[in-house]
Amino acid sequence: MNAEQKGQILKKKEKLLELLKRIYNETFDNKTKKQKKDFFKLLWVKEMYTLINEIRTPIAEKMGVDPSFIPQDKVCLFTLTPEKQKEFKETWKQFLKAMNLKTEKERKKISIPFYNRLEELRKEMREKIGIEEIERLTKKEMEKIELLTETLSKEIKIEALEAEIKRLRAEGKTPEEISKTTKRTEQEVIEILSRENTEIDVPAIELIHGIERQQDGYITLCRKINKEHQDLAGIKINELRECLPKLLPWLAKDAYFSVNASYRSHPWRKGVEGFPAGWRKEKNPPTLKYLNACYCDMDCYKAGLKWSSAVQIILQAQEENIIPPASIIARSGRGIYLLWLLTSERTGAQQRAFPQEIALYKQINKAIIERLDNYEPRLMPDRIAFDAARILRIPGSLNTEAETGQQQVNFIIQVITGNKVPVYTLKNLAEKFNISVQPLPYEPAIIYKRQIKNRGSAPGRRQGKIATGNYRISDLLTIAQNQGGFKQGKRWKSISYFCYFAKAAGFTLSDIEKQSQDLAEKCDPPYPSEPDDTPVLKIVKNIWVKYTPRFNNDLLSKFFKVTPKLADDLGLHSIIPACLSQERADKPSEQETLKHNRRELIKRIIRKRPGNIPSLRKLKKILENKGLKASVETINTDFKTAINELKNV
DNA sequence: GAGATCGCATAGCGGTGCTG
DNA sequence: CAGCACCGCTATGCGATCTC
């Protein structure tokens with residue numbers, strides 16, 4: 001901007017001020033000096049405000065929306081900086097205060113004629129100065145708008161977004177976290193990530209199938225992220241291939257799998273992608289089912305030993321019968337894993353993980369460590385890694401702690417004479433390491449109790465169990481009525497279920513006895529009907545003294561043959577299929593639905609009526625006619641959101 | 001005066017933790 | 001797990017105030 005232009009603008013400003021001065025003198029006279037000063041301060045802000053109203057169209061163009069999308073007063077919001085808005089309000093307040101006006105009515109008495117006069121002034125200005133010049137006058141404001149619109153439409157471009165997502169992934173963030181920071185859905189993030197070459201591919205992970213050979217075992221998948229352990233999933237071996245695509249993005253770096261398999265996944269802890277977490281424990285309670293391989297983890301890099309030299313030493317040790325030939329020799333990134341695959345003495349079966357066998361397994365692992373350490377200390381076998389719940393790095397994944405170029409975890413399968421991968425039984429290995437198999441000393445079984453931070457600290461939460469019991473009883477009785485009594489073959493179990501639920505609901509023994517007998521009589525045929533049917537009172541007594549197991553509503557619904565439709569028809573609350581309970585949980589709340597409907601309708605109105613957006617109050621009436629009741633305040637927020645959403649489309 | 005917005009109270013939602 | 005208690009937070013609406 002050159003000096004001449006500046007001079008012109010200043011002149012216009014002076015003109016404006018002069019006009020305003022005149023109005024001021026017409027509107028209010030006999031005011032104190034301070035009052036006048038305050039007023040002029042206000043006028044300056046006010047003047048800007050007025051001018052801003054003139055540039056509604058250019059703002060709309062900048063924003064890429066129809067001018068009507070920006071109501072007159074909202075122009076102010078878009079153009080004034082927050083500081084300026086504050087200043088404006090503050091000055092006005094101070095001015096009114098200075099005028100010594102107490103009530104709202106008194107204020108209006110003054111402000112209304114003032115605003116009316118201002119309106120006249122605007123007309124005058126338009127005629128005298130002309131719009132173009134006003135626009136030039138507000139060039140500075142336009143610059144501000146430009147800045148604002150930039151921040152408003154902060155749309156990260158697609159390439160930039162992808163780069164950002166990849167960068168965050170490299171930092172070790174989960175897709176969930178990334179979706180939060182980039183405001184994209186998790187689905188999109190995962191899709192973008194999967195376009196990238198994932199370091200791990202399916203054939204590499206197939207190796208896991210070679211190690212975990214019993215199809216009904218559960219494998220644990222986890223990873224190390226920011227030096228912290230994260231459970232990813234506990235997956236049945238025969239479902240591994242199916243589940244893998246979902247999990248691959250999580251397995252690229254510092255990912256681990258359990259060497260030995262469990263009998264199930266974790267009962268309540270969640271992993272990622274909707275999978276349950278893995279559950280691998282030697283005891284309290286024991287969850288391992290199969291022992292798949294003995295192993296040795298060596299940190300030879302600590303002794304400065306290269307992988308290739310370490311492998312040479314291992315091969316030499318095999319040659320010299322220090323250790324039996326390993327089935328797999330692996331590079332873990334910085335060290336070596338050795339794996340000796342196990343099998344059962346019964347052909348075609350897998351070694352089960354009974355306590356006795358776990359004890360032997362650990363002894364063998366310890367013996368391996370001992371032998372190798374004696375043979376070549378530079379191998380640096382990890383002396384604490386001999387347990388049965390161990391996890392090892394997944395073949396094909398990356399070890400981010402290793403040097404670049406040596407990060408990939410490689411599994412090398414050793415084929416020895418007879419074109420076979422060596423497989424051992426625990427007994428074979430025990431013999432080779434001179435371990436005598438001794439019976440375990442008797443240990444009383446430890447009843448499993450969940451770890452709780454502060455047991456007994458919230459007695460009120462017992463209500464949860466009682467409610468569950470009552471819900472289930474109510475559902476069970478409804479089902480019984482619907483079926484015309486429980487049928488033969490299901491009567492004993494159904495009565496048992498009733499007893500368990502009633503016990504959980506806090507019924508007394510005599511109540512349970514009475515109601516169970518009622519239920520038994522209503523069975524089809526009435527229970528007991530055969531001579532060797534357990535009497536009802538005996539069932540009750542047994543359950544009364546027994547530990548109450550946890551029940552799963554999905555399984556219960558399968559037992560009672562409750563389909564989603566039947567559950568809905570009967571109005572069941574608890575004993576319903578998992579898919580239905582999921583559906584119920586996923587259903588947006590009523591509030592949410594109403595909000596969504598309101599906003600959609602508002603959007604439609606905006607699109608339908610360019611240049612003629614109804615006021616909030618009119619919108620309110622339109623919405624009311626469609627059965628959507630809400631206050632102006634609510635509709636105001638809805639309106640703003642709708643405008644923003646339209647802009648982002 | 002009509003319309004928009006602010007401040008505040010509160011119902012209800014959702015996340016976390018405990019219970020058996 | 002499946003429930004409730006607890007707690008923080010959000011959505012909502014009323015009355016007051018501000019804007020034009």
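Chain letters run A, B, ... following the sequence lines, proteins first and then strands; every chain starts at 1.
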- prompt: With respect to the phosphate group of C/dA11, does any side-chain polar atom (N or O) of A/R598 fall under 4.0 Å of OP1 or OP2?
  reply: no
message: Please report the distance, rounded to the nearest Å, between OH in A/Y500 and C1' in C/dC1.
response: 17 Å
message: Given the structure, check if the side chain of A/R617 and the base of B/dA4 hold any donor-acceptor pair shorter than 3.5 Å.
response: yes
message: Test side chain to side chain contact (heavy atoms under 4.5 Å, CB included) on A/I479 and A/L572; report intermediate values, then the result.
response: CA-CA 9 Å; A/I479 294 166; A/L572 299 186; 4.0 Å; yes
- request: Report the distance from atom CG of A/D638 to atom C1' of C/dG13, rounded to the nearest whole Å.
  value: 13 Å
query: For the pair made of NZ in A/K595 and C1' in C/dT10, what is the distance, rounded to whole Å?
result: 8 Å
- prompt: What's the shortest heavy-atom distance between A/I235 and A/C243, and which atoms?
  reply: CD1-CB, 3.7 Å
message: Can you measure A/R599 atom CZ to C/dT10 atom P for me and round it to whole angstrom units?
response: 14 Å
message: In this structure, how many angstroms lie between the P atom of C/dA11 and the CG atom of A/N597, rounded?
response: 16 Å
- line: A/H596 NE2 to C/dA11 P, in whole Å, measures 15 Å
- request: Apply the test side chain to side chain contact (heavy atoms under 4.5 Å, CB included) to residues A/F486 and A/I495: give CA-CA distance (whole Å), side-chain angles for both, the deciding distance (0.1 Å), then the verdict.
  value: CA-CA 9 Å; A/F486 294 116; A/I495 295 166; 5.7 Å; no
field: Residue-phosphate contact under 4.0 Å: A/T634 side-chain N/O, C/dG13 OP1/OP2
entry: yes
What's touching nucleotides 3-6 of chain C from the protein side, N or O pairs under 3.5 Å?
residue: C/dG3; atom: OP1; partner: A/S574; partner atom: OG; Å: 2.2
residue: C/dG3; atom: O4'; partner: A/T468; partner atom: OG1; Å: 3.2
residue: C/dC4; atom: OP1; partner: A/Y471; partner atom: OH; Å: 3.4
residue: C/dC4; atom: O4'; partner: A/G464; partner atom: N; Å: 3.4
residue: C/dA5; atom: N3; partner: A/R461; partner atom: NE; Å: 3.4
residue: C/dA5; atom: N3; partner: A/R461; partner atom: NH2; Å: 2.9

task: Please lay out, stage by stage, how A/R472 and A/N553 fare under the test side chain to side chain contact (heavy atoms under 4.5 Å, CB included).
output: CA-CA 9 Å; A/R472 282 178 178 157; A/N553 282 335; 2.9 Å; yes
field: Under-4.0 Å side-chain N/O to phosphate OP1/OP2 contact, A/N636 with B/dT5
entry: yes
- request: Return the value, rounded to whole Å, for the distance between atom CG of A/L572 and atom P of C/dA2.
  value: 15 Å
field: Cation-pi, A/Y218 ring and A/K289 (6.0 angstrom, 45 degrees)
entry: no
- prompt: Nearest-Å distance, CD (A/E633) to P (B/dA4)?
  reply: 11 Å
Non-hydrogen atoms of A/R599 and A/A642 that approach each other most closely: O-CB, 4.3 Å
message: Testing the basics here: between A/A505 and A/I466, what is the closest heavy-atom pair and its distance to 0.1 Å?
response: O-CG2, 3.4 Å
- request: Using the six-membered ring wherever Trp is involved, compare the ring planes of A/Y497 and A/F560 and label them parallel, tilted or perpendicular (cut-offs 30° and 60°).
  value: tilted
- request: Mark yes or no for whether A/R223, through its side chain, and A/Q230, through its backbone, hold a donor-acceptor pair below 3.5 Å.
  value: no
Produce the list of close N/O pairs, under 3.5 Å, pairing protein atoms with atoms of nucleotides 11-15 of chain B; give distances to one decimal.
none

